[in-house]
Structure formats: C-alpha cells, structure tokens
Number of protein chains: 2
Amino acid sequence: MTTFSTITDVALAAGVSRQTVSNVMNSPGIVKADTRERVQAAIARLGYRPHASARRLRTRRSSTIGIRLDPMIDGISGSVLDRFLHALTEQADRQGLRVLLFTATSPEDEITQLQRLNDGADVDGFVLTSTFAGDPRTKWLIENRISFVTFGRPWGVDDMEDPQHLWVDVDGWAGLHAATRSRQDAGAQRIGYIGWPSPSGTGEDRRRGWRDAMIERGDVTEDELTRLEVVTVDGVAQGTAAMQELQRTAGRLDAVLCASDSLALGAMIANPGRLPVTGYDNTPVAAAIGLSSIDQSVHEVAAGVLELLTGEFGGKVHGAPESLEPKHRMITPRLVERDFAVIP
Amino acid sequence: MTTFSTITDVALAAGVSRQTVSNVMNSPGIVKADTRERVQAAIARLGYRPHASARRLRTRRSSTIGIRLDPMIDGISGSVLDRFLHALTEQADRQGLRVLLFTATSPEDEITQLQRLNDGADVDGFVLTSTFAGDPRTKWLIENRISFVTFGRPWGVDDMEDPQHLWVDVDGWAGLHAATRSRQDAGAQRIGYIGWPSPSGTGEDRRRGWRDAMIERGDVTEDELTRLEVVTVDGVAQGTAAMQELQRTAGRLDAVLCASDSLALGAMIANPGRLPVTGYDNTPVAAAIGLSSIDQSVHEVAAGVLELLTGEFGGKVHGAPESLEPKHRMITPRLVERDFAVIP
DNA sequence: AGAAAACATTTGATCGATCAAATAATGTGG
DNA sequence: CCACATTATTTGATCGATCAAATGTTTTCT
C-alpha cells in the first residue's frame, strides 16, 4: 500500500536487472517482448512508481516548467492569464510535464526566482507572461542559456526576430480588424474605438487593426477617424467616461470597439442608444452579460507554447535554442458575437 | 556563471567538509561562528544553490504542495479558486514552499494523480478544493496517511469532527447573516433570497444565515419567508428569471440577497426598482459593477491552510496528523457594501 | 561450422545532497 | 596536568534512478 517499491524490487520480482526495468520504462523498444511483458506485470503487481527526484538527479531534467503567477491585479481582464494557466496545465499534463508556480514582486525579484528554480534543477524551462519592451527577464534568460517561451511577443525594436527568443502571441490586429469588418458588413460606417494610452505594444496593435480596417473601407476620412477615437487607462468607470466623451465629440456612432472587456462593460453602461459594443478577451463577464468580444484562444496559445518549449521531441523540454531561424507562433483570435439582450 | 557548483565545490573553497557546508545551511546553530562565516562567504562567492532533487532524494521531502486546477468551469464564480490559488502561492513562497499544479477529469482520476505525485515524492501534501459529501479523495488520502488540508469543510454527517481531516472553510452562514442584518439596519424588512437547490452544503449554509437573521428579527412570519425565497441553479440568466419570479410572488421587496455574484448580476438586470442586491464571492464583476458582495477572504483561507499543513513546524509539511482533536479553521467572510451607481 | 555483427541484458559508477557514526578539537573539574 | 564530558568537524554509506561500458546471447553470412 503505502510502502513503495523501488526499481530494484521490481527487478527482483521479475527476475531481471535494474537496468532492464529502467529500459522497459524509458526505451521499451530495445527490450525483448516477453521480458518486457514480465517486467510490466511486476510493475503493475507491485504498484511501482519511479521516484521523480531520483530520476531528476540523474538525468538533470525535471519535466517541470515554471510560470509566475501574477499577484492578482484585480480586474476583469486578469482572468485571461488564469485561463491560460488552466489550458497550459491541462496540456502539459498530457505530455507528462508538470507546472510549478512562483511569485515575484518585481522583474528583478523575478529574475532571482528564475535563478533559484533553475539552479535547483526544479524546472527545465519557463513560460513568461506579460512581456514588455526592454524586458530584463528575457535578456537574462538568453544570457544564461535557459530555455523559455513567452506568451506575448517581444516588443523591442529588433527583438521580434531574435532567434533566441521563442514566443507565442495573439494577433490583436487581426482580432480588431475582423471585429471592425464584421460591424461594417452589418452596415456600420462610423465605428468608434476606445483604447489605451501609449506606450502599449498590445494597445497599439489592437488600435491599428481597427484603424486599418476603417481606412481600407474608406467610409470616413482620416480626420474624422481621429475624432472617433478615445484613449484612457483600463477600467469600467473609465470605459463609461470614454463612452460619454465619444458621444459628445464623435457625432453619429454606429458601433464601438474597445481594447478590453472592462472598457466595453463600462461603455455599455453609458449606452442608452443600444449601440453594438465589442470588447476584448472574452471574459466570463462578457459571456454573462451578452457582450461581443474577441477570444484569445488560450488553448491554442498553450499548445504553441508547449510545442516551442519541447521542440521536436515531444514531452521533453530541450535546451536553449541553437537554430538561427526565429521561432514563434502567431495565433489568430476568434470573434465571438453576442446580442446583449440582458441589460434592459 | 551558468556552471553551477555543488556542495563539494563549496567545501573545497572554504576548506571544510561537505557536511559542514550542509550544516551551515540546515542547522547553522551547531557550526562555530567563524567557520560558518567562512562557508557563507564561499557560498556567496560561488553562487551556490543546493540541488533540490538531490536533497529530496535523500530527505524524502519535497517542500512542495500539490493542488488541482479545475478544468475552468466557465462562469464568474470560478475566479474565487483562482484568487485562492494566487494567495496560496504567495504565502507558500514566503515559507519556502512550492506549489505544483495538476489536473484531473474526475474524482477517480484525481486519486490516480494524487498517488502519482505522492509516490514520486513530488509533493509533501495536498490542498483540496471543492469538497462534497462522501468525497472519495479525502477517504483515500486518510487511508494512505498522506497529509492534506481541504478548502471546504467535509459535508458528511460525522466527518466534520474527524481528527484526520484538517480543513479550512468560510462561514457562509455568518456572511449571509451579516448581510441580512446590514440591510435590516438600513430599514429593510422584506428581504428576498435567491439560492441554490438542494443538496448543496454551501448553499444550505448560506440560506440558513439569511433565514435565521430574518426569524431573529421577526419582521415577517415564517409563512411569508417561504414566499420570499426562490431556488435556481447558478447563472446570470437564471438570476434574472428568479428575480422576476420574486417580483411576481413575493409582494413588497426591500432588498435581495443571492447565493452568488452570478445570480446577483442577473437579479440586478431585472431590477428596474433599484432594490439593493447583494451577491456572494466579491468577484471582479461585483467590484466593476458596484454590487455589494460577501468576500471570502482568500488570504486568510490560504494562511489557515498552510498553518494546518505545516503544523507547528513552519515551513515543513508534517506527516498525517497524529493528534485526536479535530483541527480546522472557520473564516468569517467580509461584507463589502457598494452603491451600484453604474447601471443607469 | 566458425567468425562477425546485431541484439539483449547486466554490472559498476555516478548524480548531489543528508544521515549516522567516527574522529578531532575544545572546555571543565579535581 | 590528566581524565572526561562537550562541542565541532569529518568520513563513509545511502537515497533511487540512469549512464556508459562490459558481458552474454542470438542471428547472419561466408
């Protein structure tokens, strides 16, 4: 029961050597069929489970990836990272990988943690979220040849093509472009946009999606486009204020797109005319309240992250990348259209 | 830099033996002051970090706790567990404990995972969430003498006092009792309640908080109390429907309490009269929309869980409990009052 | 049939730390 | 100043697995 057996016990029980048992588990192909079956029977009979730490000590591989859990920035949008974490854990599990959490209070502190986990052979690699321009973490990881993948492209000038930096990101441009198109196809011409102030890589990316689609269609002049845009920091109350400003200054409005669900929720509150409002992130709130939104497809992101992290050898995290060609995945988000019938 | 040093390297550099270095790290008290300093200097100079797996192999202790991440039950309320996870990771870190995630598709599958992690010496103990009556997981853990603490009391008949089962829970009764009192003190007499159908331990607990407070005050007869209550499964749309039903059948209403924020959000939508509505869980949505709610104080819960898991010896997860007195913590939730100024 | 090649299995060493017991250094009392 | 207790440090063994190389077995080919 609770007494657990070692590889030697199994070897004894099956009448073979330790190494053969090890081979049955790690490279079954090289063991003769009938010995293999005998060993497998013994494994099952004794309920043998390999001792993870012993294996790690020997192989210098932990089959564990580390990810930082943000200190809960309150707000609706925080949940995207939580959903990503769910997806990552689920898919990592399927590949025999474990997910280890850690926290940090600042990028510098985070580097200390990264070092600790790496030196202690606790993890084989890291998944980084919420990257920003000039991120010291990626720089440090590259310098120390530690493998990692970021959810979020590197926003620095040349970093996008850095072959050392593997990343997966969601194409915010495509998301907003599609959302704009969808509204236009439904007859809207004057589509407003509530976005974030610079500098924000993601914010600018999304904004351009809307802007490009508007210009392509040519329903409004570039001058008017400026008046259809409001910039504000994230938040529900801020969304309400921004919507009110749009209504004062933009003239006729056929629809409004927002850089986040928080803003969209706020916008919808100051929306007596029942304009279609579209948010970003497809958070539970959006679903609950019947708000159209752009879904980041965290499952695909998680799959991409693991694929890059394990390389061609599924299930094993490989060392820092050797190849010179940049590796990344750009995920196209999914537009989820809803009728917001709920708020009366 | 990247070449990492072993305990032997440090010993050589400091001119002492391996064991002395080990002692400096684990029981500094027994090492003479000046040798200790010399060793510590060498540790710092070489940037030595103990190899976690090697230590685990020898000590049979991982300083890691396992927790299952639920497969993202969509909905607003799921976020409570996420917030708990944040809090747990943060506080575990402070005690030198790590948090390892895993997933499972069913309670049976979860037991398999528990066994794997335990046999592999991956974790020292577990934190279980979302317990239910007759939970097979706790039974299995107790039988196998594996230490664990649940977030959620055991709902079985005698289990509450089982000394083998350590638990932390939030006093839903107290939460709803306080919320009811607060409304009453503000002048409300006829307070409705939208709750969950039986059997639900937590649901019944919350419901009784409201009911007891109503009976204590005696503003309405028990007969009327029945008409002030509606039962429905969780969800925003369900909350809206329930609210409409209450308005039809309950007569005058001064306030409404709900078993969850989802229900409360729904209730508020069908609420032209601007009745005060109170939810449960204090989710980001409640904050965003200005909904009163009951906060589960996940930080306190996390602290309690770790306290029980590590026992008197902070930082180390102890074995299965020996003592005969039941150990648990009941956390009183915090009522957060808000004016819902947002929906116009 | 005999030698070489291919395949199957075993043996000893090792990963980096801690435990348990042995030895060395220091302190105390008569 | 020596015997003895106390404290400080070192040595060898060990945790459970895998690696690398050695040994044993079967197949292939001339």
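Naming: A, B, ... by sequence-line order, numbering from 1 per chain. Just the heavy atoms: all of them, side chains too, but no hydrogens, waters or symmetry mates, feed the values below.
- Between the side chain of B:T6 and the main chain of B:T8, a donor-acceptor pair closer than 3.5 Å is present.
- Nearest-nucleotide positions on DNA chain D for B:A54 and B:T35 put B:T35 closer to the 5' end.
- Of the candidates C:dT18, D:dT9, D:dT18, the closest approach to any side-chain atom of B:T59 belongs to C:dT18.
- Between the C1' atom of D:dA20 and the CD atom of A:Q19 lies a distance of 9 Å, rounded to the nearest Å.
- Side chain to side chain, B:D109 and B:T105 meet the donor-acceptor criterion of an N or O pair below 3.5 Å.
- Taking every side-chain heavy atom of A:N26 into account, D:dT18 is the closest of D:dT18, D:dT9, C:dA17.
- Summarising the geometry, the separation between CZ on B:R56 and P on C:dA17 is reported as 13 Å, rounded to the nearest angstrom.
- Between B:F84 and B:F151, the ring planes are tilted. Angles from 30° to 60° get that label.
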B:Q113 vs B:R116, test: side chain to side chain donor-acceptor pair (under 3.5 Å). Steps then yes/no. CA-CA 5 Å; B:Q113 306 289 347; B:R116 239 196 12 201; 3.2 Å; yes
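- Going from atom NZ of A:K32 over to atom P of C:dA6 covers 19 Å, rounded to whole Å.
- Taking atom CG on B:L57 and atom P on C:dT14, their separation rounds to 17 Å, with Å as the unit.
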Determine, stepwise, if the pair A:D122 / A:S62 fulfils side chain to side chain donor-acceptor pair (under 3.5 Å). CA-CA 6 Å; A:D122 276 312; A:S62 66; over 6 Å; no
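- Residue B:N23 places no side-chain N or O under 4.0 Å from the OP1 or OP2 atom of D:dT9.
- Residue A:R18 contributes atom CZ, which lies 13 Å from atom P of D:dG16 at whole-angstrom precision.
- Regarding contacts with the backbone of D:dC15, every side-chain N or O of A:S53 stays at 4.0 angstrom or more from both OP1 and OP2.
- For the pair B:R49 CZ and C:dA17 C1', the computed distance is 16 Å after rounding to whole Å.
- OP1 and OP2 of C:dT9 both lie 4.0 Å or more from every side-chain N or O belonging to A:S17.
- Both B:R55 and A:T20 sit near DNA chain C, but only A:T20 has its closest nucleotide nearer the 5' end.
- One interatomic measurement links the two molecules: CZ of B:R58 to C1' of C:dT14, which rounds to 16 Å at whole-angstrom precision.
- OP1 and OP2 of D:dG16 both lie 4.0 Å or more from every side-chain N or O belonging to A:T6.
- The distance between atom CZ of A:R61 and atom C1' of C:dC15, rounded to the nearest whole Å, is 15 Å.
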